Enquirer: 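Mind looking over this structure? Questions follow.
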There are 2 protein chains.
Amino acid sequence: MSNNVQTPSRATAFDAPHDLVKEIIYQIRRLLQARELYTKELNKKYQVSAPQLNCILALYENGPLPPSQIAKYIMVKSSTVTGIIDRLEQKGLVTRLRNSPDRRVITIELTEAGKRLANNAPPPIQQKIIDGLKRLPEGEIEEIVRGLTKLTYMLEVQDLPVE
Amino acid sequence: MSNNVQTPSRATAFDAPHDLVKEIIYQIRRLLQARELYTKELNKKYQVSAPQLNCILALYENGPLPPSQIAKYIMVKSSTVTGIIDRLEQKGLVTRLRNSPDRRVITIELTEAGKRLANNAPPPIQQKIIDGLKRLPEGEIEEIVRGLTKLTYMLEVQDLPVE
DNA sequence: TAAATAAGATTTGAATTGAAATATTCCGTC
DNA sequence: GACGGAATATTTCAATTCAAATCTTATTTA
């Protein structure tokens, strides 16, 4: 992936849809802030943050995984996963196992408490989005997906570096 | 805004567009990671991060502002702004002024170096989107805006809490 | 006027994030 | 078997983010 910083080229009067672009940037920033506020709230009420919850759900859906795999599922670097696992382990929700023939690999496994949490967990994003989308005709949902996909494609994260 | 964590209601087979919802969550996560990778790269090449740059641009476009106003422009809480200003001040790009009759208020002002940076600034993440969007017909851009707006509307972040 | 309240900025503390450096282990080649 | 490189996990470091608490200053109320 080429994530290169480009040479400055400030928008001019000739950039056709400049206001629309501003609107898009603005909406993206809103999405991200909503996400951030939600994870803080989650943490207060359930003592588990969104990244931690995503990690738990990845393990619940896929079985025990090494950190490198978790990183791919939840789309963060593996150095980030280490910290998340640390905190989940402190809470007794996961355990680190060294049971692979390859002794570089460790396996992260849900404890019983971790499985219980996975079953009763709040959704990893606002229920509002899920509920809101349920009320839309499938065509509109597809439109949203198309739009987002175009954006991520522009950002060249289609092929996220696997590290 | 009520951003409350709602009672768990895991999606079931009866949730029609479940995979599409997952796809949406996935794409949002991608947007976030793209933003994060970009800001690291920016920081390495220009010694200024994306939030710092956005702060500089907000000041450039609107003139000197107090931290509380900057927070609104770049959509973060004001305690976050304090840290950003600290680092910009250390780099000599902005200065804190106490020139308001209300002595609680401080004003952040660009230095000459700060103005130079604003003029020659590397593009914030926007530029990639701008360049990408230039190649799309206006109708598709509007589609993207519509989709994002629907999402943020669902989150009821239309009225982001001002703090 | 005195006390309570509000507003603006900051401090503190915890979590996330990724780059870079560091171990540890494995694997191929010599 | 020894060495060099690749893979896996971790550590370290700096930046961002927000909530909550704190400090200072204004404003309102009693």
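First the proteins, then the strands, lettered A, B, ... as listed; each starts at 1. As the structure is a computational prediction, the values presented were derived from the model and not from experiment.
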Enquirer: Answer yes or no: does a side-chain N or O of B/Ser68 lie under 4.0 Å from OP1 or OP2 of C/dA9?
Expert: yes

Enquirer: Can you measure A/Glu41 atom CD to C/dA14 atom C1' for me and round it to whole angstrom units?
Expert: 17 Å

Enquirer: Taking the side chain from A/Arg87 and the backbone from A/Gln52, do they hold a donor-acceptor pair closer than 3.5 Å?
Expert: no

Enquirer: Starting at atom CG of A/Asp86, determine the distance to atom P of C/dT17, rounded to an integer number of angstrom.
Expert: 14 Å

Enquirer: Round to the nearest Å and state the distance from B/Asp102 atom CG to C/dA7 atom P.
Expert: 12 Å

Enquirer: In whole Å, what is the span from the CG atom of B/Leu88 to the C1' atom of D/dA15?
Expert: 12 Å

Enquirer: Using a cut-off of strictly less than 4.0 Å, decide whether B/Arg35 has a side-chain nitrogen or oxygen near OP1 or OP2 of C/dT17.
Expert: no

Enquirer: Working note: B/Asn119 + B/Tyr60, criterion side-chain contact (heavy atoms from CB on, under 4.5 Å); need CA distance, chi angles, decisive distance, verdict.
Expert: CA-CA 9 Å; B/Asn119 270 317; B/Tyr60 190 69; 2.8 Å; yes

Enquirer: When you measure from the side chain of A/Ser79, which nucleotide among D/dT11, D/dA19, D/dA15 comes out closest?
Expert: D/dT11

Enquirer: Would you kindly give the CD1-to-P distance between A/Ile84 and C/dT16, to the nearest whole Å?
Expert: 5 Å

Enquirer: Does a nitrogen or oxygen in the side chain of B/Thr82 sit under 4.0 Å from OP1 or OP2 of C/dT10?
Expert: yes

Enquirer: On DNA chain D, does the nearest nucleotide to A/Arg96 precede the nearest nucleotide to A/Arg29 from the 5' side, or the other way round? Give the residue.
Expert: A/Arg96

Enquirer: With a 4.0 Å cut-off on heavy atoms, is A/Arg98 in touch with a base, just the backbone sugar-phosphate, or nothing at all?
Expert: nothing

Enquirer: Roughly how far apart are A/Thr107 OG1 and A/Ile70 CD1, rounded to 0.5 Å?
Expert: 9.5 Å

Enquirer: Evaluate salt bridge (charged side-chain N to carboxylate O under 4.0 Å, His left out) for A/Lys44 paired with A/Glu41, printing each intermediate quantity in order.
Expert: CA-CA 5 Å; A/Lys44 252 194 305 181; A/Glu41 194 188 356; over 6 Å; no

Enquirer: Report yes if some heavy atom in the side chain of A/Leu133 is under 4.5 Å from a heavy atom in the side chain of B/Leu20; otherwise report no.
Expert: no

Enquirer: What is the distance from CG of A/Leu42 to P of C/dA15, rounded to the nearest Å?
Expert: 14 Å

Enquirer: I want to verify a distance call: between C/dG18, D/dT8, D/dA26, whose nearest atom is closest to the A/Val105 side chain?
Expert: D/dT8

Enquirer: Taking A/Asn43 for its side chain and A/Thr39 for its backbone only, find out whether a donor-acceptor pair lies under 3.5 Å.
Expert: no

Enquirer: Ignoring backbone atoms, test whether B/Lys40 places a side-chain nitrogen or oxygen under 4.0 Å from the OP1 or OP2 oxygen of D/dA14.
Expert: no

Enquirer: Within the pair A/Ser78 and D/dA9, is there a side-chain N or O less than 4.0 Å away from OP1 or OP2?
Expert: no

Enquirer: With respect to the side chain of B/Lys77, which nucleotide from D/dC18, C/dA19, C/dC26 is positioned closest?
Expert: D/dC18

Enquirer: Verify the contact: side-chain N or O of A/Gln69 to OP1 or OP2 of D/dT8, cut-off strictly under 4.0 Å; return yes or no.
Expert: no

Enquirer: Determine: side-chain N/O of A/Arg87 to OP1/OP2 of C/dT16, distance under 4.0 Å, yes or no.
Expert: yes

Enquirer: On DNA chain C, check which nucleotide each of A/Lys91 and B/Lys44 is closest to and give me the residue with the more 5' one.
Expert: A/Lys91

Enquirer: Rounded to whole Å, how long is the line connecting atom CD of B/Glu36 with atom P of D/dT16?
Expert: 11 Å

Enquirer: Do B/Arg104 and C/dA7 share a donor-acceptor pair, side chain to base, under 3.5 Å?
Expert: yes

Enquirer: Among D/dA26, C/dC26, C/dT10, which nucleotide has an atom closest to any side-chain atom of A/Arg103?
Expert: C/dC26

Enquirer: From the options D/dT17, C/dT25, D/dT25, select the nucleotide whose nearest atom is closest to the side chain of B/Pro51.
Expert: D/dT17

Enquirer: Just how far, in rounded Å, is P of D/dT8 from CD1 of A/Ile85?
Expert: 16 Å

